Amino acid sequence: ACRSHSFHSDLLQVRSVRYSRFPLQPTENGERHLEVKLSEDGTEEFTDVEAEGSPSFRPAPQNYSRCSIAFLLLGTLLILIVGYLVGYISHSKPKVELLNCSPVTQAPVAQPAEVEMDFKNISQLLARKMTREAFQKTLGDFENPGCSAGSDKDMSLANSIFDEFKKLEMDPWTDIHDVQLPIPDREAFYLCCVLLVRAGKISFAEQVANAADRGASAVLIYPDEADYNYVADTVLYGHVHLGSGDPYTPGFPSFNHTQFPPTRSSGLPEIPAQTITRSVAVKLLHGFKGGFKQVSYRLGGVENITVEVNNKLVNKEIHNVFGVIKGFDDPDRYIVLGAQRDAWGSGYARATVGTSVLVQLAKAFREMVENDGFRPKRSLVFASWSAGEYGSVGATEWLEGYMASIDKKVFTYISLDGVVMGIMRPMTIDDPAYPFLAFSGIPSVSFHFIKPNSEVYTYYGTQLDTMDQLNYETNNQTNEITAIAAQFAGQMALHLVHDHLLSLDVNRYSKTLTKAVAGVYKHIRLLSQDLSPSWLNRARGSFQRAASNLYNDIANTNLDDKEACRILNNRIMMVEHSLLSPYVSPVKVPFRHLLFGRGSHTLASIAETTDVDELHTQLALATWNLQGCANAMVGNIWDLDEEI
């Protein structure tokens, strides 16, 4: 279930709202953790001063004393060093664990002394490696404006990251896909019903899909002055594919040697769409209320409009680049950290920051293994994605291509995109982590450092997403905040590769299920007297009993027993994966998650379906989807719940 964790300072606020898994059970040693949850309606109150100005005219940034900055950093480090981060809480014992750091050898040579390292020591070691000085260099190294997917700049940056991973002896490899991407061209449409849409809180793809459902012939999307305070000729970038990956190979990978017939994603719009500048919108606008002071808003109005879409499809070769630090106990269990490196326009907050964090964390973890005696139990995979701007194309193609190899082995995906000044909202279809959750059933995390009282970094997806703009928005502390964000991501990864048990309380998922099932109950009672959702409710009960039994098994298990913890971890990991509906095709319905996916199979869709026959079918399928998840959590077939 989506959760929010935050702490406040004079300069910034950390709010993580994109968390796909269940929250955590308390630790055995009674340690306390910072956790702020969203209210039932998803809102959260916070206050502070918001910076003003624009790229064309900027007042001097506020000056903060060194003392304030020091308190900020020390306070943040204290929180992180305690080790309690978004969604993952350690189950570590207060005693010190001895780790054997000696090399493996066949000859009976003398071994170096064992190194004592508990989680606190490892955590502090990682924090010391994430410094503003390190990021000052790394951010400069990876600033690469105009790095569009499949371009020469993109390939050059991919090679640089590959070489960095190779220098770190991380056994790098490249995943190559041949995909179809739109590039500028000229094509004109004379249309009868063009909808002018104000860019808002939902994605461009969702706006265009909604417009098509209501009979529009085309959509123009513009940034209203009330929401986007920058120069009138600033162009918005984005995509309108209601999905992810190559839209012409839905559900299967875009390898050049595959012989799939031509297929078109169901998520592609049937109507043309185009972003326009604010100055163009002023000339056209006759509709709903907005922030343009120079326009007299009124309802209605007719204009003869020609919509010109400047795109054509071309084949592009894209490279995803990977490096790995192999685990010492369970190398076949992975934690994946990823960031997109391509961007339309400058892409500083969009791509440069995430790529810098990715590489700097890879360096830090490698040094800890090589020089400091750190022995991660599980493997760390570092991924640099291409074509992220087109709808997580590179990441999705990797998931599609290697699902049989990764689907129950990736414990968590940690997205590093937009970690400084990212867009703040619950996980949606345009979140880079969404395909990992809704397509692959992999627990996924996004987190973001933003200004208080700020929901959106309005320069995302524009040419104004530059180093200067981000420095202005962060009061010239981009390096410091990036270092803190890297520590935050590193602490998450550290817990996941260090702790024997993934201390996740699956009981917390019950609240989300109960709310969703209640919505189905209410809808069916209003729609039909001949249909009962009682079987769905019984499946919900099976899930809750399985979750409770798993919690009891954890409480009665010796958590120093590695094999016992591995069995428990496997049961925990089955939950998210088993919530993917087995009754829909990933070609037509890629986001198969029962709760967080998109399509007629989801509980949210069932709660709105008006066709009784369709409702009957989807209700039965959802019931067995949920019951299958409960059964998978139980573990042994002789312990399956027969009460349904």
Side-chain angles (χ1 to χ4, degrees), residues 19 21 24 27 80-93 96-101 115-130 165 168-171 322-339 357-383 406 408-416 433 436 442-445 447 486-504 559-563 565-570 572-573 576:
Y19 184 55
R21 280 193 76 85
L24 316 183
T27 57
L80 296 176
I81 289 171
V82 172
Y84 300 16
L85 28 107
V86 182
Y88 288 92
I89 298 176
S90 173
H91 233 295
S92 59
K93 304 287 186 179
V96 173
E97 183 178 2
L98 297 179
L99 301 179
N100 186 357
C101 300
V115 178
E116 285 190 356
M117 295 190 73
D118 60 10
F119 185 85
K120 182 178 180 181
N121 291 333
I122 300 170
S123 174
Q124 291 174 336
L125 182 62
L126 177 64
R128 288 195 296 269
K129 294 179 181 295
M130 298 292 106
F165 288 166
L168 294 171
E169 299 181 347
M170 292 174 59
D171 299 329
F322 301 86
V324 63
I325 297 174
K326 296 176 182 177
F328 286 74
D329 291 345
D330 296 326
D332 60 336
R333 297 292 187 266
Y334 324 128
I335 310 304
V336 181
L337 299 96
V357 172
L358 179 78
V359 172
Q360 204 62 36
L361 281 172
K363 289 180 181 178
F365 275 107
R366 182 60 191 168
E367 288 173 2
M368 289 166 62
V369 171
E370 187 73 18
N371 304 324
D372 302 312
F374 175 50
R375 295 293 180 261
K377 294 177 175 63
R378 304 172 189 97
S379 296
L380 278 163
V381 176
F382 297 84
I406 63 179
K408 293 179 196 72
K409 296 182 177 181
V410 178
F411 272 13
T412 298
Y413 177 69
I414 300 174
S415 172
L416 302 176
F436 288 83
I442 294 171
S444 305
V445 179
F447 70 97
Q487 292 174 25
F488 199 72
Q491 294 290 333
M492 275 192 279
L494 197 55
H495 270 290
L496 289 164
V497 299
H498 173 269
D499 299 346
H500 285 313
L501 181 71
L502 300 177
S503 3
L504 307 174
L559 300 184
D560 290 326
D561 187 331
K562 294 181 181 180
E563 183 57 29
C565 286
R566 183 181 174 93
I567 293 172
L568 290 172
N569 289 337
N570 289 341
I572 292 171
M573 290 302 299
E576 209 73 83

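Small disclaimer: the values here were computed from a predicted structure and weren't measured.
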message: Angle between ring planes, Phe488 versus Phe447, binned at 30° and 60°: parallel, tilted or perpendicular?
response: tilted
- prompt: Can you name the residues that form a ring-ring contact (aromatic ring centres under 6.0 Å, His included) with Phe165, not counting sequence neighbours?
  reply: none
Expected output: side-chain [X] to main-chain [Y] donor-acceptor under 3.5 Å:
X: Asn569; Y: Leu502; answer: yes
X: Arg378; Y: Gly327; answer: no
X: Arg375; Y: Val369; answer: yes
X: Ser379; Y: Pro331; answer: yes

Partner set under salt bridge (charged side-chain N to carboxylate O under 4.0 Å, His left out) for [X], not counting sequence neighbours:
X: Asp561; result: none
X: Lys326; result: Asp171
X: Arg333; result: none
X: Arg128; result: none

field: Test item: Leu496 and Ile414 side chains (from C-beta on) under 4.5 Å apart, heavy atoms
entry: yes
message: Any heavy-atom pair between the side chains of Thr412 and Ile442 that's under 4.5 Å?
response: no
field: Worked verdict on His495 versus Phe119 for ring-ring contact (aromatic ring centres under 6.0 Å, His included)
entry: CA-CA 8 Å; His495 270 290; Phe119 185 85; 4.0 Å; yes
message: Restricting to side-chain contact (heavy atoms from CB on, under 4.5 Å), what partner residues turn up for Asp332, sequence neighbours left out?
response: Asp330, Arg566
query: Taking it one step at a time, do Lys562 and Asp329 satisfy salt bridge (Lys or Arg N to Asp or Glu O under 4.0 Å)?
result: CA-CA 9 Å; Lys562 294 181 181 180; Asp329 291 345; 3.3 Å; yes
